[in-house]
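Every chain is numbered from 1 and lettered A, B, ... according to where its sequence line falls, protein lines coming before strand lines. None of the values given here were measured: they were computed from a predicted structure.
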Amino acid sequence: MRLSRYFLPTLRETPREAEIVSHRLMLRAGMVRQQSAGIFSWLPLGLRVLNKINAIIREEQNRAGAAEILMPTIQSAELWRESGRYEAYGKEMLRIRDRHERDMLFGPTNEEMVTDIFRTYVRSYKDLPLNLYHIQWKFRDEIRPRFGTMRSREFLMKDAYSFDIDKDSARHAYNRMFVAYLRTFARMGLQAIPMQADTGPIGGDLSHEFIILASTGESEVFCDKAYLGFETPAENTDFEDRAGLQATVDAWTARYAATSEKHDEAAFAAIPDADKLSARGIEVGHIFYFGTKYSDPMKAVVTGPDGKEHPVHMGSYGIGPSRLVPAIIEASHDEAGVIWPDAIAPFHVALLNLKPGDSATDAACEKLYAELGAAGYDVLYDDREERPGAKFANADLIGLPWQVIVGPKSLADGKVEMKRRATGERELVALDDCLARLKA
RNA sequence: CGGGGCGUAGCGCAGCCUGGUAGCGCAUCUGCUUUGGGAGCAGAGGGUCGCAGGUUCAAAUCCUGCCGCCCCGACCA
């Protein structure tokens, strides 16, 4: 993409409303525009990141055996009356009415709807297990939205719903998502720690919040430092291996980790001081098992091997992509701007032509732009008539992993400069070696 | 919803107290000079001063009501 033809409205100054660093940088890097309290437009650069995040989520959900669907944002109140949540949900739910005066709502979550889909089609235990997920916009009319897309009213959520014949199978479904989540966050360059979470009225131990540590996080968290060195489950993990998955989950839940709501001072005190970690964190995922809470009232039942009807055991599993964007920025930035992890960077390379109009730098940039693009790299080519300083500052701000700097000085020796955004390291490489260096 | 703050050019702000021609910086446009870390000079464009009433000869400024946004708290992916 040529920057001269792109839409990247970066800001030199920070808009007043932005308090935390990720919000400031998302506005300055031209990623989002707030349209109303807690409601945002996603501009090209921000949308690219969001889509990268979604792509990773999809790959890992699919790998773990979930099937993608897409349910609507607008739902009928009918289903919610069936589950009893239409009355229970309160003001957080945006209630609307259509022209026929029917009660509708903008979905804050989809348990009812997915349960309705399930009960329509699935009758036999032989069709289980089943896990359906979608990535869709949700709306929760938060009392106070804040921190940009970190806590917005309209937000994107990946929500998966599992259906199983009994609790044991449901635990396996839970473990599949648990492991998928560990892989998902690790691929985004995040160290996510599963922490004990509130299970609400359902109870039990099957609920975890996935937390990443960040000084500006909203939650106070306490855990064993050992988690920071844990190994991510492998790509070839066998998700049908019940015992194997259980062992992985057991290992990841053996040590202490809890948010302030579930914090147990005594248990925390038992950890050696050197291993205690008390910090702030951002919740990026939440999984839980809720049994027959919806299948009972909504009559989602299957016939079991015994010939009798059984309400299905369900769980739901959420990840907030539109929250992950700022979460990743909170975890990865410096004074100058964002530092995107390679896997979710909106482009791989910023190609800076320091002297557009100079036949040598123009030719070198065109060659690199074509060559890197052909090799599968997304290149943002800064071909604007701007001074070098402005290009450097802009490139650092938007935080692409690599900067390939083409200026007359180094080009006189047939070289270009390659700068790694994360470390600031620069090296001069021959024009023809640029691609090889990227691959290395 | 309680407490606090703010709405003046795309962004950041001054002006308001003490009513009298709407300003500054950045950005934008034109020209010239510059060209390896957000250039210099000269010129130009851009405003329902959040909205609606009121007071006054006269309101960005004073009064009343409303709307929007931000921050702190209780609540949430």
>> Pairing check on B:C1: which nucleotide meets the Watson-Crick or G-U wobble criteria with it, both distances under 3.5 Å?
In response: B:G73
> Out of B:A77, B:C71, B:A39, which has the shortest distance to the side chain of A:R140?
Replying inline: B:A77
> In whole angstroms, how far is the C1' atom of B:G37 from the CD atom of A:Q403?
Replying inline: 11 Å
> When the C1' atoms of B:G47 and B:A42 are considered, how many whole Å apart are they?
Replying inline: 25 Å
> How would you label the contact of A:E142 with the nucleic acid (heavy atoms, under 4.0 Å): base, sugar-phosphate, or nothing?
Replying inline: base
> Where each residue is assigned the nucleotide of RNA chain B containing its nearest heavy atom, which of A:E283 and A:P145 is assigned the position nearer the 5′ end?
Replying inline: A:P145
>> Between B:C26 and B:C17, how far apart are the two P atoms, rounded to whole Å?
In response: 29 Å
> Reckon A:E209 touches a base, only the sugar-phosphate, or nothing at all at heavy-atom distances under 4.0 Å?
Replying inline: nothing
>> Under a 3.5 Å threshold, yes or no: a donor from one side chain and an acceptor from the other, between A:D159 and A:H134?
In response: yes
>> What is the separation between atom CZ on A:R151 and atom C1' on B:A74, rounded to the nearest whole Å?
In response: 11 Å
> What is the distance from CD of A:E385 to P of B:U34, rounded to the nearest Å?
Replying inline: 15 Å
> With rounding to whole Å, what would you report as the distance between B:A22 and B:A59 at their P atoms?
Replying inline: 12 Å
>> Base, sugar-phosphate or nothing for A:D358? Non-hydrogen atoms, less than 4.0 Å.
In response: nothing
> Between B:G36, B:C70, B:G37, which one does the side chain of A:K419 approach most closely?
Replying inline: B:G37
>> I want to confirm an ordering. Mapping A:G38 and A:H286 to their closest nucleotides on RNA chain B, which one lands closer to the 5' end?
In response: A:G38
>> Distance check, P atoms only: B:A52 and B:G46, in whole angstrom units.
In response: 22 Å
>> Give me each pair satisfying side chain to side chain donor-acceptor pair (under 3.5 Å) with a member in residues 36-47 of chain A, each pair once, sequence neighbours excluded.
In response: A:Q35-A:S41
>> Are more than 12 heavy atoms, taken from residues, nucleotides or ligands other than A:E87, located less than 6.0 Å from that residue's CD atom?
In response: yes
>> Both distances below 3.5 Å, Watson-Crick or wobble geometry, any strand: find the nucleotide opposite B:C29.
In response: B:G43
> Separation of A:R33 atom CZ from B:C69 atom P, in whole Å?
Replying inline: 12 Å
> Base, sugar-phosphate alone, or nothing: which one does A:S152 contact when heavy atoms must sit under 4.0 Å apart?
Replying inline: base
> Which one is paired to B:G36, where only Watson-Crick or G-U wobble pairs with both distances under 3.5 angstrom count?
Replying inline: none
> Hey, is the side chain of A:T14 pairing donor to acceptor with the base of B:G12 inside 3.5 Å?
Replying inline: no
> Given the P atoms of B:A39 and B:G45, what is the spacing between them in whole Å?
Replying inline: 25 Å
> In whole angstroms, how far is the C1' atom of B:C11 from the CZ atom of A:R16?
Replying inline: 10 Å
>> As a test of reading the structure: which of B:C11, B:C76, B:C72 is closest to the side chain of A:F147, going by heavy atoms?
In response: B:C72
>> On the side chain of A:E13, is there an atom forming a donor-acceptor pair with the base of B:G25 - under 3.5 Å, no angle test?
In response: yes
> Do A:D362 and A:N353 have a side chain donor and acceptor closer than 3.5 Å?
Replying inline: yes
> Taking the six-membered ring for Trp, are A:H208 and A:F178 parallel (under 30°), tilted (30 to 60°) or perpendicular (over 60°)?
Replying inline: perpendicular
>> Between B:G10 and B:U28, how many Å separate the two C1' atoms, rounded to a whole number?
In response: 9 Å
>> Looking only at the side chains, is there a donor atom on one of A:E425 and A:T423 sitting less than 3.5 Å from an acceptor on the other?
In response: yes
> Side chain of A:R426: nearest nucleotide among B:G36, B:A74, B:G37?
Replying inline: B:G37
> If we require ring centres under 5.5 Å and near-parallel planes under 30°, does A:F155 stack on B:A77?
Replying inline: yes
> So which heavy atom on A:A257 is nearest to which on A:Y227, and how close?
Replying inline: CB-CE1, 3.7 Å
> Which part of the nucleic acid, if any, lies within reach of A:G407 when heavy atoms closer than 4.0 Å are counted: base, sugar-phosphate only, or nothing?
Replying inline: base
>> So if I take every side-chain heavy atom of A:R387 and compare against B:C69, B:G36, B:U34, which nucleotide ends up nearest?
In response: B:U34
> Please give, in whole Å, the distance from B:C70 P to A:M150 CE?
Replying inline: 15 Å
> To the nearest angstrom, how far is A:Y161 atom OH from B:A77 atom P?
Replying inline: 12 Å
> Distance check: side-chain N/O of A:R146 vs OP1/OP2 of B:G73, anything under 4.0 Å?
Replying inline: yes
> How far, in whole Å, is B:A44 from B:A27 if one measures between their C1' atoms?
Replying inline: 14 Å
> For the pair made of CD1 in A:I39 and C1' in B:C70, what is the distance, rounded to whole Å?
Replying inline: 16 Å
> Looking across every strand, which nucleic acid part, if any, lies under 4.0 Å from A:K91 by heavy atom: base, sugar-phosphate, or nothing?
Replying inline: nothing
